[in-house]
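Below is one structure; the comments refer to it alone.
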Amino acid sequence: MPTALAHRSHLVLDSPVGPLTLVATGGALSGLYMEHQAYRPAEEVFGRPADDPATAPFGAAAEQLAAYFKGRLTSFDLPLLLHGTPFQRRVWAALRRIPYGGTVTYGRLAALIGSPTASRAVGLANGRNPIGVIVPCHRVVGSSGGLIGYGGGLDRKRFLLDHEYGTLAGSAAAVEPEGLCLSW
């Protein structure tokens, strides 16, 4: 086993959107993949199965994901290790600033990262997001506000957005952060 893979382990969790494969590198979450997801890596790069599902970061990730799906958590606080190009990492960092229950277009996201003509590149980076749900690529929509381009499938994207919107509808309204143009 190559050295990088020797430090990886994985755990599969059940969720309302199907099985989620969590991948850890050291003590940080480096992957969260849905079944039949576009760009899902080959199983052999996930490393060995976790010896103890309560170890870092799996225990905290499982607790936070369960709270998210119950509508009790709107922001994740986990150590993340995102492998990608500098451009991809900029996109993924911007995704984490889209508030729970909000959406932003690919074009607006491109402008927010300082590359206003790069909406297609933003879409490609979004599709390669290695930590779905937690790094909320499901919150990016087409220029008309329609659902397009989700590696986990549009049914899952709709579920996640409806879940967040429904949770917010049952609580205080979200505050739009300065600089983000959100739509629903």
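Counting begins at 1 with the first residue of the sequence. In this text, all values refer to a predicted model and were calculated from it rather than measured experimentally.
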(Q) Please find the pair of heavy atoms, one from P57 and one from A28, that lie closest to each other, and give the distance. (A) CG-C, 3.7 Å
Q) Any link between L78 and L13 through a network of hydrophobic side chains (Ile, Leu, Val, Met, Phe, Trp, Tyr) touching at under 4.5 Å? A) yes
(Q) Do L81 and L95 sit in one hydrophobic cluster, given that two such residues count as connected whenever their side-chain heavy atoms are within less than 4.5 Å of each other, even indirectly? (A) no
Q) Where is the tightest heavy-atom contact between P130 and S30, given as atom of each residue plus distance? A) CB-O, 3.9 Å
(Q) Looking at N126 and V91, would you say the former's side chain and the latter's main chain have a donor-acceptor pair under 3.5 Å? (A) no
(Q) Working to the nearest 0.5 angstrom, can you tell me the gap between I131 CD1 and L80 CG? (A) 4.5 Å
Q. If every non-hydrogen atom of G149 is compared with every non-hydrogen atom of K157, which pair is closest and at what distance?
A. O-NZ, 4.2 Å
(Q) The test is side chain to side chain contact (heavy atoms under 4.5 Å, CB included); show your working for I134 and L29 and say whether it passes. (A) CA-CA 10 Å; I134 293 170; L29 192 65; 3.6 Å; yes
Q | Nearest-0.5 Å distance that lies between atom CZ in F58 and atom OG in S9 | A | 3.5 Å
Q. Would L109 and L124 show up in the same hydrophobic cluster when neighbours are defined by side-chain heavy atoms closer than 4.5 Å?
A. no
Q.
If you count every heavy atom of other residues, nucleotides or ligands that lies below 6.0 Å from R120 atom CZ, does the total exceed 12?
A. no
Q: Identify, with sequence neighbours excluded, every residue that meets salt bridge (charged side-chain N to carboxylate O under 4.0 Å, His left out) alongside R156.
A: none
Q. Can you name the nearest heavy-atom pair linking L82 to V135, along with the distance?
A. CD2-CG2, 4.3 Å
(Q) Before we go on, tell me: are the rings of Y33 and Y39 under 6.0 Å apart, centre to centre? (A) no
(Q) Minimum heavy-atom separation for C137 and N129, please, with both atom names. (A) SG-ND2, 3.2 Å
Q | NE2/H36: more than 12 non-hydrogen atoms of other groups inside 6.0 Å | A | no
Q: Calculate, to the nearest 0.5 Å, the distance between atoms CG and CG belonging to L22 and L65 respectively.
A: 6.0 Å
Q) Is the side chain of S115 donor-acceptor paired with the backbone N or O of A118 at a distance under 3.5 Å, no angle test? A) no
**Q.** Spacing of OG1 belonging to T25 relative to CZ belonging to R8, to within rounding of 0.5 Å
**A.** 4.5 Å
Q: With rounding to the nearest 0.5 Å, note down the distance linking CD1 in I98 to CZ in R108.
A: 11.0 Å
Q) How about V140 and T103: do any of their side-chain heavy atoms sit closer than 4.5 Å? A) no
Q) Got a second to check how far D51's CG is from L11's CG, nearest 0.5 Å? A) 11.0 Å
Q: Would you mind listing every ring-ring contact (aromatic ring centres under 6.0 Å, His included) that reaches into residues 133-164, with sequence neighbours excluded?
A: Y68-H163
**Q.** V141 side chain near L147 side chain, heavy-atom distance below 4.5 Å
**A.** yes
Q | Partner residues of S119 under the side chain to side chain donor-acceptor pair (under 3.5 Å) criterion, sequence neighbours left out | A | none
Q. Below 4.5 Å, heavy atoms only, C-beta onward: do Y106 and I148 meet side chain to side chain?
A. yes
Q.
Would you say V12 ends up clustered with M34 if hydrophobic residues are merged whenever their side chains have heavy atoms under 4.5 Å apart, either directly or through other cluster members?
A. no
Q | For the student: nearest non-hydrogen atoms of P79 and G27, plus distance | A | CG-O, 3.5 Å
Q. In terms of side-chain heavy atoms, does T85 have a donor or acceptor partner in R90 at a distance below 3.5 Å?
A. no
Q | Under-4.0 Å salt bridge between E35 and R40 | A | no
Q) Less than 4.5 Å apart, any side-chain heavy atom of H10 and any of P49? A) yes
Q) Are side-chain heavy atoms of Y100 and R139 found at a separation under 4.5 Å? A) yes
Q: For W92 and R128, indicate whether the former's side chain and the latter's backbone hold a donor-acceptor pair under 3.5 Å.
A: no
